[in-house]
Amino acid sequence: MKTLSENRAFGGMQGVYSHVSSACRCNMTFGLFLPAEAERAPVPVLWYLSGLTCTHENAMIKAGAQKWAAEAGVALVFPDTSPRGEGVADDPAYDLGQGAGFYVNATEAPWAPHFRMWDYVTDELPRVLFNAFPVAEDRQSITGHSMGGHGALTVAMSFPGRFRSASAFAPIAHPTASDWGRKQFAAYLGPDEAKWAAHDATLLMRRRGFDGPTLIDQGTQDANLDLLKPEALAEAMVARRQNGAFRMQKGYDHSYFFVASFMEEHMGFHAQALYD
């Protein structure tokens with residue numbers, strides 16, 4: 001692992017690191033914020049999964065999460081959204097290929113050799129993190145925005161007992177019924193739609209739900225509402241009687257202005273679960 005940068009922030013340290021990924025078969029980069037408490041003992045950790053076109057850097061710079069993480073004594077992990085580099089398949093469209101890994105393990109050409117983001121964020125990067133940094137494996141929570149909200153919810157529901165809380169900002173809530181999902185799942189996973197269900201938050205919520213509290217925020221002025229399909233996830237949460245809240249925030253869009261506006265509340269929500 002290489003240290004690319006380390007900057008003091010809010011009494012803690014914001015670092016950026018790279019390592020050779022066996023899952024993605026390329027170099028991967030991630031950001032990690034450690035609060036001051038990490039100098040004395042392992043601290044709880046919140047995973048933040050980013051959306052389409054993002055790298056590890058977008059949320060790290062734009063979400064305004066470090067201040068609240070420092071106050072709560074919680075580490076923040078910012079993984080990249082896809083494999084990158086020479087020899088890694090790509091597509092001219094912004095919503096497929098590099099920057100658009102959709103947190104799945106691709107099985108189809110040309111994506112299969114590198115696009116194994118499910119294994120990366122659920123297995124490989126956690127092992128790297130817990131082996132190298134003072135973060136507590138038994139105190140994890142997860143959140144994300146848009147494509148990353150999709151990833152956060154599907155990961156949380158697929159690993160019962162791992163995460164104490166889950167939240168999302170404007171998640172792609174029902175990708176098997178949306179062009180933000182059907183296009184990518186067909187490319188990465190092939191035409192058998194039965195294989196797609198494991199990566200659809202609405203279907204997972206209907207089938208099993210999440211074994212902890214959830215918080216979903218969605219802007220009413222989001223230009224992507226027809227692609228995100230928040231109503232499907234909200235209905236599934238009600239039918240499941242899921243412990244949590246689904247909030248429609250009047251006037252907000254899909255941008256990081258929206259994410260930053262509610263980051264403090266999400267940090268407080270996760271800190272309560274992580275320190276309970």
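In this chain, numbering begins with 1 at the start of the sequence shown.
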Should [X] and [Y] be regarded as members of a common hydrophobic cluster, given that ILVMFWY residues are connected when their side-chain heavy atoms come within less than 4.5 Å of each other, either directly or indirectly?
X: Leu203; Y: Phe185; answer: no
X: Leu4; Y: Leu76; answer: yes
X: Phe159; Y: Val121; answer: yes
X: Leu204; Y: Val104; answer: yes
X: Val259; Y: Phe246; answer: no

Within-4.5 Å side-chain heavy-atom neighbours: [X] and [Y]:
X: Met157; Y: Met205; answer: yes
X: Leu233; Y: Leu153; answer: yes
X: Thr214; Y: Met237; answer: yes
X: Lys229; Y: Thr202; answer: no
X: Asn105; Y: Tyr120; answer: no
X: Asn7; Y: Ser5; answer: yes
X: Ile216; Y: Ser167; answer: no
X: Phe115; Y: Cys24; answer: no

To the nearest 0.5 Å, what is the distance between [atom1] ([X]) and [atom2] ([Y])?
X: Leu189; Y: His199; atom1: CG; atom2: NE2; value: 5.5 Å
X: Thr122; Y: Asp119; atom1: OG1; atom2: CG; value: 5.5 Å
X: Asp211; Y: Arg164; atom1: CG; atom2: CZ; value: 11.5 Å
X: Trp47; Y: Ser141; atom1: CH2; atom2: OG; value: 12.0 Å
X: Arg139; Y: Leu46; atom1: CZ; atom2: CG; value: 13.5 Å
X: Met263; Y: Phe269; atom1: CE; atom2: CZ; value: 13.0 Å

message: Tell me whether Phe257 at atom CZ has more than 12 heavy atoms from other residues, nucleotides or ligands lying less than 6.0 Å away.
response: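 Incorrect, the count does not exceed 12.
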Apply ring-ring contact (aromatic ring centres under 6.0 Å, His included) to [X] and list each qualifying residue two or more places apart in sequence or on a separate chain.
X: His150; answer: Phe102
X: His254; answer: His145
X: Phe258; answer: Phe262
X: Phe169; answer: His266

Quick one: do the [X] and [Y] side chains pair a donor with an acceptor below 3.5 Å?
X: Glu124; Y: Ser21; answer: yes
X: Gln249; Y: Asp217; answer: yes
X: His270; Y: Ser165; answer: yes
X: Gln272; Y: Asp276; answer: no

| query | How far apart are the C-alpha atoms of Phe210 and Arg240, what are their side-chain angles, what is the distance that settles it, and do they pass the side-chain contact (heavy atoms from CB on, under 4.5 Å) test? | reply | CA-CA 10 Å; Phe210 175 59; Arg240 189 76 194 172; over 6 Å; no
Under a 3.5 Å distance rule, please check whether [X] uses its side chain to pair with a backbone N or O of [Y] as donor and acceptor.
X: Gln218; Y: Leu228; result: no
X: Glu235; Y: Ala232; result: no
X: Asp222; Y: Gly219; result: no

- Task: Begin with the C-alpha distance, continue with both residues' side-chain angles, and end with the deciding distance and a verdict on side-chain contact (heavy atoms from CB on, under 4.5 Å) for Thr143 and Leu49.
- Result: CA-CA 6 Å; Thr143 188; Leu49 304 187; over 6 Å; no
Could you go through Asp95 and Lys183, starting from their C-alpha distance and side-chain angles, then the distance that decides it, and tell me whether this counts as salt bridge (charged side-chain N to carboxylate O under 4.0 Å, His left out)? CA-CA 9 Å; Asp95 58 355; Lys183 171 184 176 180; 2.6 Å; yes
Among residues at least two apart in sequence or on other chains, which ones pass side-chain contact (heavy atoms from CB on, under 4.5 Å) with Ala245?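 side-chain contact (heavy atoms from CB on, under 4.5 Å) check on Ala245 returns Leu215, Arg247.
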Show me, pair by pair, the donor-acceptor contacts under 3.5 angstrom made by side chains of residues 170-181, not counting sequence neighbours?
{"unit_1": "His174", "atom_1": "ND1", "unit_2": "Asp200", "atom_2": "OD1", "d": "3.2"}
{"unit_1": "His174", "atom_1": "ND1", "unit_2": "Asp200", "atom_2": "OD2", "d": "2.9"}
{"unit_1": "Thr176", "atom_1": "OG1", "unit_2": "Asp200", "atom_2": "OD2", "d": "2.6"}
{"unit_1": "Ser178", "atom_1": "OG", "unit_2": "Trp180", "atom_2": "N", "d": "3.0"}
{"unit_1": "Ser178", "atom_1": "OG", "unit_2": "Leu227", "atom_2": "O", "d": "2.6"}
{"unit_1": "Trp180", "atom_1": "NE1", "unit_2": "Tyr94", "atom_2": "OH", "d": "3.3"}

Tell me which donor-acceptor pairs under 3.5 Å the side chains of residues 60-74 have, and how far apart each pair is, sequence neighbours excluded?
{"unit_1": "Gln66", "atom_1": "NE2", "unit_2": "Gln14", "atom_2": "OE1", "d": "2.9"}
{"unit_1": "Gln66", "atom_1": "NE2", "unit_2": "Met60", "atom_2": "O", "d": "2.7"}
{"unit_1": "Lys67", "atom_1": "NZ", "unit_2": "Glu71", "atom_2": "OE2", "d": "2.9"}
{"unit_1": "Trp68", "atom_1": "NE1", "unit_2": "Gly64", "atom_2": "O", "d": "3.4"}

Less than 3.5 Å apart, which donor and acceptor atoms pair up between the side chains of residues 82-91 and the rest of the protein, not counting sequence neighbours?
{"unit_1": "Ser82", "atom_1": "OG", "unit_2": "Gly99", "atom_2": "N", "d": "2.7"}
{"unit_1": "Arg84", "atom_1": "NE", "unit_2": "Asp80", "atom_2": "OD1", "d": "3.3"}
{"unit_1": "Arg84", "atom_1": "NE", "unit_2": "Asp80", "atom_2": "OD2", "d": "2.7"}
{"unit_1": "Arg84", "atom_1": "NH2", "unit_2": "Cys54", "atom_2": "O", "d": "2.9"}
{"unit_1": "Arg84", "atom_1": "NH2", "unit_2": "Asp80", "atom_2": "OD1", "d": "3.0"}
{"unit_1": "Arg84", "atom_1": "NH2", "unit_2": "Thr81", "atom_2": "OG1", "d": "3.3"}
{"unit_1": "Asp90", "atom_1": "OD1", "unit_2": "Gln98", "atom_2": "N", "d": "2.9"}
{"unit_1": "Asp91", "atom_1": "OD1", "unit_2": "Ala93", "atom_2": "N", "d": "2.9"}

Subject >> Shortest non-hydrogen contact from Ala201 toward Thr154 >> reply: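 Between these two residues, the closest heavy atoms are N-CG2, 3.8 Å.
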Check: Shortest non-hydrogen contact from Tyr48 to Ala59?
Finding: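 Nearest heavy atoms, Tyr48 then Ala59: CE2-CB, 3.1 Å.
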*Would you please name every residue forming a side-chain hydrogen bond (donor to acceptor under 3.5 Å, both in side chains) with Glu231, sequence neighbours left out?*
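side-chain hydrogen bond (donor to acceptor under 3.5 Å, both in side chains) list for Glu231, sorted by chain: empty.
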Next on the checklist: Quick check on the 6.0 Å ring-centre criterion: do Tyr188 and Trp111 meet it?
Outcome noted: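 Close enough - the centres of the two rings lie under 6.0 Å apart.
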Candidate pair Tyr252 and Gln221, rule side-chain contact (heavy atoms from CB on, under 4.5 Å), full reasoning:
CA-CA 5 Å; Tyr252 285 89; Gln221 297 303 114; over 6 Å; no
Expected list for residues 126-133: side-chain donor-acceptor pairs under 3.5 angstrom, two or more places apart:
{"unit_1": "Arg127", "atom_1": "NE", "unit_2": "Asp123", "atom_2": "OD1", "d": "3.2"}
{"unit_1": "Arg127", "atom_1": "NH2", "unit_2": "Asp123", "atom_2": "OD2", "d": "3.3"}
{"unit_1": "Asn131", "atom_1": "ND2", "unit_2": "Arg127", "atom_2": "O", "d": "3.0"}

Without placing hydrogens or testing angles, list every side-chain donor-acceptor pair under 3.5 Å for residues 25-44, not counting sequence neighbours.
{"unit_1": "Glu39", "atom_1": "OE2", "unit_2": "Arg8", "atom_2": "NH1", "d": "3.3"}
{"unit_1": "Glu39", "atom_1": "OE2", "unit_2": "Arg8", "atom_2": "NH2", "d": "3.1"}

If a pair satisfies salt bridge (Lys or Arg N to Asp or Glu O under 4.0 Å) and one of its residues is in residues 46-60, list it, with sequence neighbours excluded.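 Output for this query is empty, none listed.
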